[in-house]
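If you scroll down you'll find the structure; I have some questions about it.
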Number of protein chains: 2
Amino acid sequence: MIRNLTEQDKEHLQEALVKSGQKVTPQREAVFTVLLSERDHPTVDEVFNRAREVMPGLSLATVYNCLETFVGCGLVRQVNHERESTRYCPNLAPHAHFRDKETGQVHDIELPPEVMKSLRSILPPGFDSEVIEISFLGRAQAKDTHSN
Amino acid sequence: MIRNLTEQDKEHLQEALVKSGQKVTPQREAVFTVLLSERDHPTVDEVFNRAREVMPGLSLATVYNCLETFVGCGLVRQVNHERESTRYCPNLAPHAHFRDKETGQVHDIELPPEVMKSLRSILPPGFDSEVIEISFLGRAQAKDTHSN
DNA sequence: TAATCAGTTAGAATGAGTCTAATCCGCAAG
DNA sequence: CTTGCGGATTAGACTCATTCTAACTGATTA
Ligand SMILES: [Mn+2]
Ligand SMILES: [Mn+2]
Ligand SMILES: [Zn+2]
Ligand SMILES: [Zn+2]
């Protein structure tokens, strides 16, 4: 189901867009709403299908555009596993991803700062990294029905 | 330049192939040789072009087939960064990958067991992971001309 | 009003990877 | 030797996520 954006969410969206010289549009709001409604790392097609429920005229091209815009202004992260379709994640906290081999579901795994530090410490001198991606592949006992 | 396989390398290849019910062929030897000659994580096309120097009739389809075979029998790893072409890595030791934003070069980063452990420890109960992928994106001061 | 301009849209193009069907070739049975 | 078999190789067709293009929309500005 598609939630409504809280005032906080709207401000977050507006601020990030305006800060990078772009506008809030109905399409961008719809796509952002979809992302925040179910934090299950949807693909572009999944976002497209969910968003059309609430905005039937929306085009796939626009979903690609919105998501690219959001990535550009730091509102969401892209998540890739092997060569599968790119998925999108609005969780801005540092976290890793766990991909369930059976179900395909993607779960967020919290990343404690001390682990980040120990990771950064394995880089030899001369290597400076801005982005670290960590992804697990395995099986998760389904504890609940939502997948975040 | 394309090295020659040592006896050890040949045995390694043969053992892994035979163990999974497949044969050593001239094409597979050529592709494997390319992978061991420069451990720079080549793409399929790069492998193809290098291998053709030594085996001109080789086809791209066969390079795809050989690499898939090697992955299947654990001789090499696939390395993906975002949606770029898949790269191939014959380094079987546990390691992470560092991708240089400027040059595109991929470097191996050794992964000490204690770091692996601390990573595994962040998984909540119920999550069991066989594979962990770690990749850094950033800039590396070019210390040398080879890229491993 | 007219010009401008970001955003949206449909559809074409791209390209890494996969699939298909024909051929090749080493080996073993006759 | 021939022949048959089965895995491997090959060229080319195909797929499909993503990117590109060019026309259109609609709000804002001169
Ligand atoms: Mn959950
Ligand atoms: Mn090096
Ligand atoms: Zn996430
Ligand atoms: Zn590697």
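Residue numbers start from 1 in every chain, and the chains themselves are labelled A, B, ... in the order their sequence lines are given, proteins ahead of strands. Remember, it's a predicted structure, so these values are computed and weren't measured experimentally.
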Could you go through A:Arg50 and A:Glu38, starting from their C-alpha distance and side-chain angles, then the distance that decides it, and tell me whether this counts as side-chain contact (heavy atoms from CB on, under 4.5 Å)? CA-CA 10 Å; A:Arg50 293 177 198 173; A:Glu38 273 196 68; 3.8 Å; yes
Hey, does B:Leu58 reach any base, or is it just sugar-phosphate, or nothing, if we go heavy atoms under 4.0 Å?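 Sugar-phosphate contact only.
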If I take atom CG in residue B:Leu17 and atom P in nucleotide D:dG7, what distance separates them, rounded to the nearest angstrom?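 From B:Leu17 CG to D:dG7 P: 15 Å.
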Are A:Leu75 and A:Pro90 packed together at the side-chain level, in the sense that at least one heavy-atom pair is separated by less than 4.5 angstrom? no
Mind calculating the distance between CE (B:Met55) and P (D:dA8) to the nearest angstrom?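 Going from B:Met55 (CE) to D:dA8 (P), I get 15 Å.
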Quick test of your reading of the model: are A:Arg83 and B:Glu84 salt-bridged, counting only N-O distances below 4.0 Å? no
Search all heavy atoms of B:Arg28 against all heavy atoms of B:Phe70 and return the closest pair with its distance. O-CZ, 3.4 Å
A:Glu82 CD - D:dA17 P separation (whole Å): 16 Å
Report, one pair per line, the protein and nucleotides 11-17 of chain C atoms (nitrogen or oxygen only) whose separation is under 3.5 Å.
from, atom 1, to, atom 2, distance (Å)
C:dG17, OP1, A:Arg83, NE, 3.0
C:dG17, OP1, B:Thr86, N, 2.9
C:dG17, OP1, B:Thr86, OG1, 2.7
C:dG17, OP2, B:Tyr64, OH, 3.4

Send over the distance from B:Leu60 CG to D:dT10 C1', rounded to a whole Å. 11 Å
Are side-chain N/O atoms of B:Thr62 and B:Ser59 paired as donor and acceptor at under 3.5 Å? yes
Presence of B:Thr62 side-chain N/O under 4.0 Å of D:dT9 phosphate oxygens OP1/OP2: no
Quick one: A:Leu67 CG to C:dT8 P, roughly how many Å, whole number? 12 Å
Which listed nucleotide (C:dT8, D:dA11, C:dG7) is nearest to the side chain of A:Gln22? C:dG7
Please check: side-chain N/O of A:Ser129 versus main-chain N/O of B:Phe136, any donor-acceptor pairing under 3.5 Å? no
B:Leu58 vs B:Gln27 side-chain heavy atoms within contact, under 4.5 Å: yes
Interatomic distance where CG belongs to B:Asn65 and P belongs to C:dC24 [whole Å]: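 Rounded to whole Å, this separation is 17 Å.
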Using the benzene-type ring in the case of Trp, are the ring centres of A:His97 and A:His41 under 6.0 Å apart? yes
Minimum heavy-atom separation for A:Thr69 and A:Leu17, please, with both atom names.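 So the minimum-distance heavy-atom pair works out to CG2-CD2, 3.7 Å.
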Reading nucleotides 22-30 of chain D 5' to 3', which nucleotides get B (base under 4.0 Å from a protein heavy atom), which S (sugar-phosphate only), which -? ---------
Is A:Thr25 close enough to C:dT8 that one of its side-chain N or O atoms is under 4.0 Å from OP1 or OP2 there? yes
Separation of atom CD in B:Gln78 from atom C1' in C:dT18, rounded to whole Å: 13 Å
To the nearest angstrom, the CZ-P distance between B:Arg52 and D:dT10 comes to 11 Å
